[in-house]
Structure formats: C-alpha cells, structure tokens
Participant: 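Sharing a structure below in structure tokens format, with a few things to ask.
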Amino acid sequence: MPTAIEVLFPLPLPPFRYLVPFGERPGPLGGRVVVPWQSGVRIGLVVGVDEVSAGRSLELREAIGWLDQEPFLPEIHTAFLLEIAGYYATPAGLVLAAMVPTGFKEKLVHEIQAVKRAAIDDLPEDLWVEAARLPVEKLELYRSQGLVLERVRVQERQRRVLRAVRPVDRNLAGRAQANQRCALEMLLTYEWFGSAAELSREAGVPESSVRALVRKGYARYEEVPSPPPALPQVLPSEEGFEAAKEPLDLSIRSSLTGGNRRERLGALVPNLVRETEAGRGCLVLVPEHALLEETASLLAAVLPVEVVSGELSDDQRARLWRELPLGPPVVLVGTYLALFAPQRPLGLLVVLEAGNASYKLASGPRMFVPTVAARFAERLDIPLVFTSALFSPEMSQLVSLEGRKHLAYKRLRYHVSDMSSTRSWPLSTDLVKVLKQVGERKRQAVMLTPRRGFSGGLGCRACGWLGSCPNCDLPLRYHRRDAILRCHQCGASRRPPDECPKCGQVTLVPFRGAGTEWFFSAVKKILPDVPVFRLDRDHQDPLEELHQGEPGILVATTAAFRRAPLPDVGLIVVCLLDTHLNVPDFRAEEETLRLLLELPELVKDRLPLTLLQTFSPSHPVCEVVRAKDLDAAVDAFVERMCARRKAFGYPPFSHLAKVQFSARVSASALQAAERFVASLEIRGARAEEVIGPTPAPVGRIKGFYAQQVFLKAAEVERFRWLLEGVKDAGSGVRVRIDVDPREVNEFLD
DNA sequence: AGCACGCCGACT
DNA sequence: GTCGGCGTGCTC
C-alpha cells in the first residue's frame with residue numbers, strides 16, 4: 001500500500017495529503033517537507049502518516065523532499081497543534097501560523113532535471129536548472145510520467161550590493177566625468193555599497209552619476225549573502241525593582257494574585273533565578289506588546305532575557321529560533337508567539353496578567369492564550385504560574401488550594417459619588433471639589449473615561465433624533481474637536497448636520513455618555529490654569545512633564561494602563577463606572593472589579609484618593625472596594641461569581657461557543673441560524689445546551705445582519721461533537737465560530 | 001492567506 | 001472599447 005503524509009501549512013486550511021517522495025521513507029512527525037503547491041512549491045509540516053489504497057493514491061501529488069534531518073518541531077508540539085485546532089474549531093494551519101512564527105515562509109530554490117534517458121528535448125540530463133524554465137503544465141506532465149528529478153533548498157538571505165567591475169580608465173578622464181570618477185574611486189576603495197543612493201551620499205555626487213557608472217558597465221549590482229539581523233537589545237531598567245528574597249513554594253499549577261503588577265513580577269524573580277541557574281529556560285508570557293518592554297527590562301536587571309513578539313522581523317525570529325537551543329538558558333519574555341520557542345529544557349512557564357483581554361486572539365485562531373498555555377504546560381509536565389490582580393473562576397478550575405499565592409492588595413481610599421443625586425454633568429459636585437484641591441496643591445490626577453471622542457452621540461433635543469451609522473445599528477460618536485460624527489465600529493464618518501434632519505430645528509446636542517474630549521473640556525473649564533492632557537486611540541498628548549512630576553491632569557481611556565505609572569498622583573477618577581458594569585457580558589462585574597484593583601498600577605508610590613462616579617453607588621462591586629478587609633471581600637466576591645457561573649452553567653464549569661451567522665440580507669442570517677439549531681436538535685442536543693438564535697446585540701455591523709447561537713456543554717467530547725454540526729450556511733451567509741468567547745457580544749469579522 | 005476567475009463602474 | 005474594484009472559490 002502506498003504511504004501518504006498529512007501536511008500542514010501556515011494557512012487557514014486543514015492538513016493536506018501527499019504521497020511520500022518517490023523511494024523515500026515517511027520521515028518523522030514534525031519534520032518539514034517541500035511539496036508542490038498550485039503552480040509552485042511550498043514548505044509544510046508533517047503531522048500524520050497513513051496508508052492509502054493504490055487507487056486513492058492516484059489522486060495525490062507526490063511530495064518533493066524533506067527539508068531537515070531532525071524533526072523541526074517536537075512530536076509533542078505537533079500533536080498539540082492539532083489538539084488546539086480541534087478545541088477551537090479552527091483550521092490547524094491557522095494554529096501553526098500563530099504558534100510557529102518561523103520556518104515556513106523561507107524563499108526556496110527549486111531545481112529540476114530530466115531522469116536518465118528520458119529523452120525530453122526541453123530538459124537537460126545531468127544538469128540542474130531552475131524549475132521556472134518549464135511551463136507549469138509541462139512540469140506537471142513530466143512529474144506524472146516520472147520523467148523529472150526535483151530538488152529544493154532554502155534560499156539563503158541575500159542583499160543587493162553595488163560593486164565595481166573595472167577600474168577608472170580614460171573614458172572617465174574628462175572634466176564632465178569628474179563625478180563619476182570620484183564615485184568609482186570611492187567604490188573601489190570600499191569594495192561595495194548597499195545602494196546607489198548610499199554611494200552618491202558618501203561620494204558627494206548626484207545619484208545620476210552613480211547610475212551612469214552602472215549603465216556604462218563600471219559597476220553592477222550583485223546578490224551577496226547578508227549577515228544575520230541583530231536581535232533587539234533589552235536594556236535593564238534603571239528603576240529599582242523589588243525582587244523577593246526567597247522563591248515561592250509553587251505547585252505544578254499556581255496563581256499569584258494581589259499586590260500590583262511589579263510586585264507580582266518581583267515575587268517570581270527568585271523562582272526564575274533558580275530555574276536558570278539549574279540550567280532550565282523560563283518562558284514569561286505577556287498579553288500584548290505594550291507590556292513586553294516593561295517586563296523584559298525589569299527582569300533584565302537580574303536575569304538573562306530575550307524577547308519575542310510580532311515586532312520582530314521574520315529574519316530576527318529565524319535567528320532566535322536557531323540560536324536559542326544552542327545558548328545558555330534564558331528567561332524568554334514574549335507574546336503567545338513565544339510559546340513554541342525552542343527552549344529546551346523548559347523549567348517554568350509564567351502567564352502574566354492572565355485575565356487580560358488581549359490574551360484572546362481577535363483574529364486567526366481565536367484562542368485564549370492562558371488556556372492554551374495551561375494545556376501546553378500540562379503536556380510538557382512543567383510548572384505553570386498565572387499572575388493577575390484578581391483571582392478568576394477560570395483559575396479556580398486549574399489551581400489547587402496549595403497553589404494559590406496572594407500578596408495583600410494596595411488599599412486605595414475610595415469615594416463613591418452618586419450621580420443621581422448631583423445635577424452637574426459630567427463632573428459631579430464632589431469631583432469638582434476634589435479636582436480643585438488637586439489644582440491648588442499642584443498635584444496630578446488621572447481620570448479614566450469610558451470612551452474616546454466627545455460624546456456617545458449627537459441628537460436633537462426637540463424630537464429625539466440621534467445620528468446613527470449607515471452601515472451599523474450604532475449611534476455615530478461625536479468628535480467635537482474634529483467636528484465629525486464617527487462610527488467606532490466601522491469607521492464611517494460624516495459632518496454633523498447644522499439642523500436636525502428630522503424636525504429641522506437647531507437643537508442638536510451631545511447625547512449619551514461623555515468621552516475623553518468632553519471630560520477634557522469640562523476640566524479645562526473649572527481649572528483654566530492647570531495643564532490637562534488627553535490620551536486615547538485618537539489623540540496622544542506627550543506626557544513627559546507628568547512623568548517628571550509636574551502638576552497636571554490626565555484624561556484617558558484604559559490606554560493609560562499601557563504607560564508608565566505617574567509619580568505624584570493625588571486623585572484617580574473612574575468617570576462613569578456604570579459603563580463598565582453594564583457591558584452585556586457575564587464577566588462584566590469581574591472585569592470592572594479587576595479594573596478597580598488595577599488602579600494602583602497607574603501611580604508610582606503614594607496611594608491617591610479614588611473617586612468613582614456612578615448611578616448605582618450600592619452595586620456589589622462598589623461595596624467590595626469599600627470593605628474594611630479588602631482581601632477577604634474580594635475572595636468572597638470571587639466565590640459568589642464562581643457559584644453564579646456554576647449555577648448558570650457558564651465557563652469554566654462548561655464549554656461555551658458562540659456561532660455567528662451574518663448576511664447582508666437579514667432573513668438569510670436568521671434562516672441559516674435556525675437551520676443550524678434544527679440540525680443540533682437532530683444531533684441530540686439538549687434544550688439547555690443551545691441558546692438562540694438571537695439577533696446580535698448590535699443588529700447590523702458593516703452592513704451585515706448577525707444572528708448568534710450559543711452552544712454549551714459540560715464535557716469536552718460532547719462540546720466538540722455538537723460544534724462539528726456547524727456547516728457551511730450557503731451562499732451569502734458567513735459563519736463564524738468563537739470558542740470560549742471573552743466578549744460575548746463582539747461581532748466576529 | 002494568496003491567487004485566479006468573474007462581473008459591473010470610470011477612463012485612456 | 002479597456003482598467004480595475006473586490007466578491008467567490010480553490011488549494012492535496
């Protein structure tokens with residue numbers, strides 16, 4: 001029986017089948033193989049081997065050859081890719097692309113020759129020629145007749161340089177050729193230049209003179225091997241960083257909560273030191289690039305550190321992957337891209353800020369990185385630590401009681417300001433009072449606003465008309481400074497009308513929640529002499545003055561958490577807590593509490609007064625932060641959240657997936673969703689396992705109407721079985737699956 | 001993801 | 001009359 005291999009590519013596709021190269025053995029799982037692909041060739045990963053019938057084998061193309069002697073990826077990793085793809089109901093190739101960020105996009109040199117005595121007139125024997133010499137159909141024909149030999153190797157990194165071909169001669173002797181002569185002499189002295197522009201700069205001659213040298217044959221461009229790219233240098237942080245003295249007594253899976261970001265990292269330093277000294281590498285995952293630099297530079301003060309993130313070029317990653325296994329053990333700090341980095345042996349896996357929303361990959365395989373990391377650590381049988389301000393129900397499923405480590409919370413003084421008992425908007429009378437104090441004492445304040453722009457909308461006070469997006473069922477956000485209405489979902493924008501399009505009156509006013517612009521101008525009005533800074537996605541004021549301790553007020557979205565802490569903050573304001581609490585998601589309350597517990601991370605030393613503006617001052621979250629014993633109150637809150645999730649069958653006590661059907665025609669989306677639910681019933685789904693279809697909370701986005709169905713199952717096998725029922729929904733309807741959705745109401749593009 | 005094929009608007 | 005927009009479909 002012929003042998004076939006299953007080959008995976010870094011593309012949104014499942015593995016494809018090829019025949020083993022003629023006369024060769026299947027090769028190991030996790031090896032790289034070169035195969036014909038459309039009209040060319042490409043690199044894939046062998047993820048399976050099986051026998052196929054002789055008849056079936058006729059339909060398969062033959063692989064061309066192996067790329068490495070040793071497996072490129074250990075077998076454990078290879079199997080893990082497929083497992084993760086299965087759980088997230090995503091093509092395995094997407095997981096490969098996300099987890100193995102190097103090794104599959106190399107340029108290839110593909111050469112062919114005729115087999116002995118094939119007597120093909122358009123292909124030589126005994127001489128390798130570029131495959132591109134032959135038209136694709138010809139090559140395909142000769143392949144099927146077994147008339148052609150093929151070989152492929154990786155093209156080494158090259159760069160184009162300008163080199164001299166012959167010396168100055170009398171054709172360059174004239175006065176008119178002075179510039180060319182000068183450039184050629186310089187080129188002869190230094191052997192080569194990276195470009196004509198570079199040479200012209202160095203020689204101080206116009207670029208046209210250099211080009212003339214090339215045209216006249218005195219110089220030419222050549223491809224030469226280029227040196228490996230430099231890796232980013234991690235500069236040790238100059239700031240003092242309090243590392244703990246003794247290692248924590250960690251379990252195979254642990255959590256570290258409480259304190260603040262730096263304290264949590266500091267508490268783990270002795271463990272990282274111990275591992276590297278024992279000759280094992282450590283992996284420290286961060287949720288996003290913004291946290292990478294801070295983390296890496298703090299650790300670099302005491303440990304050997306390397307970094308990996310999407311910011312590295314392909315060549316830099318290739319170099320790191322090549323060199324990591326050869327060098328001494330390091331602490332590798334990176335985003336999810338670092339998870340499969342070839343550090344062997346690995347002694348400890350740390351997932352920093354495990355509750356951070358950025359760990360949910362928004363595109364590609366919609367994986368939740370902490371979950372993936374936990375399964376991976378389990379497979380490799382190495383210890384794992386989650387750190388987070390707040391212990392989460394998800395952690396409670398993974399971490400045993402002995403594994404739970406806690407640092408006491410920084411206790412802030414909270415003041416809750418009831419917006420329903422104040423007439424001033426958007427600054428309550430309490431807030432005006434404390435802001436004035438901050439101004440008088442020349443201190444700093446941070447105000448966290450729920451959104452960017454001026455207001456949640458622009459509407460008519462007379463008739464209630466509200467400007468909304470032509471593509472989405474959403475109000476257009478009002479950006480006063482740019483004098484524009486903009487959709488925060490699809491980006492559509494338009495000029496605000498001068499009068500109400502509905503009733504014609506000139507009574508258009510900002511509606512709904514205030515954003516950074518509104519708070520900015522409100523603060524300016526009451527404190528005209530205090531510098532006010534704005535920070536959000538649209539607008540970033542330089543903050544050097546604040547970082548140097550100058551007085552001022554920072555009005556920001558949660559973008560403030562991605563900046564270094566400020567030195568002299570006397571006041572933190574959560575401008576409208578309700579916006580966070582009212583996010584229609586079962587995690588909203590926890591996320592709000594997390595936000596409040598992370599507030600100390602905005603400030604350097606002294607703990608400021610924290611003022612929460614809200615219409616629901618007795619909300620449990622407000623009660624928790626005002627409790628005498630904060631640590632106990634948070635514990636009790638998390639217990640309640642766990643109990644609630646258990647009662648309603650939410651994760652982590654069940655597996656949850658959102659299946660979204662979207663179409664330009666509203667009825668087709670609904671119809672497809674209903675068909676899906678009907679098919680689930682035929683599969684034996686129980687009533688409590690299927691919720692929906694329901695129209696998405698924002699009914700239309702970018703011109704697409706969306707319907708969603710939620711799938712819930714206690715056991716993972718059953719969950720996967722139900723999810724396999726998702727089929728193509730027919731033309732005009734897009735189906736998207738999000739396993740373990742973090743934002744239940746997010747539109748899946 | 002790329003890449004080809006295919007059908008409707010603004011131009012040499 | 002053509003260039004080019006991106007919708008749809010395919011890759012062993």
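Here is how names work: the chains are called A, B, and so on, in the same order as the sequence lines, proteins then strands, and each is numbered from 1. Keep in mind that what you see is a predicted model, and the values were worked out from it rather than measured.
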Participant: At what distance, to the nearest 0.5 angstrom, does CZ of A/Arg317 lie from CG of A/Leu231?
Facilitator: 12.0 Å
Participant: How many angstroms lie between CG in A/Asp740 and CZ in A/Phe368, if you round to the nearest 0.5 Å?
Facilitator: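 Nearest 0.5 Å value for the CG-CZ distance: 7.0 Å.
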Participant: Rounded to the Å, how far apart are A/Glu6 CD and C/dT11 C1'?
Facilitator: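 Spelled out: CD on A/Glu6 to C1' on C/dT11 is 15 Å.
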Participant: May I have the distance from A/Arg42 (atom CZ) to C/dC12 (atom P), rounded to whole angstrom?
Facilitator: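 It works out to 11 Å between those atoms.
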Participant: So that I can tick it off, tell me whether A/Arg587 and A/Glu394 are bridged by a salt bridge, with the cut-off set at under 4.0 angstrom between side-chain N and carboxylate O.
Facilitator: yes
Participant: Under a 4.5 Å cut-off applied to non-hydrogen side-chain atoms, are A/Glu674 and A/Pro693 in contact?
Facilitator: yes
Participant: Nearest whole angstrom, please: distance from the C1' of C/dT11 to the CZ of A/Arg61.
Facilitator: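 Value for this atom pair: 9 Å.
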Participant: Considering only NZ, NE, NH1 and NH2 on the basic side and carboxylate oxygens on the acidic side, decide whether A/Asp538 and A/Arg452 come within less than 4.0 Å.
Facilitator: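 A/Arg452 and A/Asp538: salt-bridged.
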Participant: Does anyone know the first and last nucleotide of DNA chain B in reach of chain A, 5' to 3', at under 4.0 angstrom to a heavy atom?
Facilitator: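 Span of nucleotides near chain A: B/dA1 to B/dG2.
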Participant: My understanding is that only residues two or more places apart in sequence, or in another chain, count here; which of them pass ring-ring contact (aromatic ring centres under 6.0 Å, His included) with A/Phe340?
Facilitator: A/His77, A/Phe376
Participant: Find the distance A/Arg664:CZ to C/dC6:C1' and express it as a whole number of Å.
Facilitator: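 It is 11 Å, rounded to the nearest whole Å.
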Participant: Please verify the inter-ring angle class for A/Phe72 with A/Phe104; under 30° counts as parallel, over 60° as perpendicular, anything in between as tilted.
Facilitator: perpendicular
Participant: With salt bridge (Lys or Arg N to Asp or Glu O under 4.0 Å) as the criterion, how do A/Asp738 and A/Arg742 come out once you've worked through the C-alpha distance, each side chain's angles and the decisive distance to 0.1 Å?
Facilitator: CA-CA 9 Å; A/Asp738 188 5; A/Arg742 308 303 287 191; over 6 Å; no
Participant: Return the residues of residues 8-26 of chain A meeting this criterion: a heavy atom under 4.0 Å from some atom of DNA chain C. Order them by number, or give none.
Facilitator: A/Leu13, A/Phe16, A/Arg17, A/Tyr18
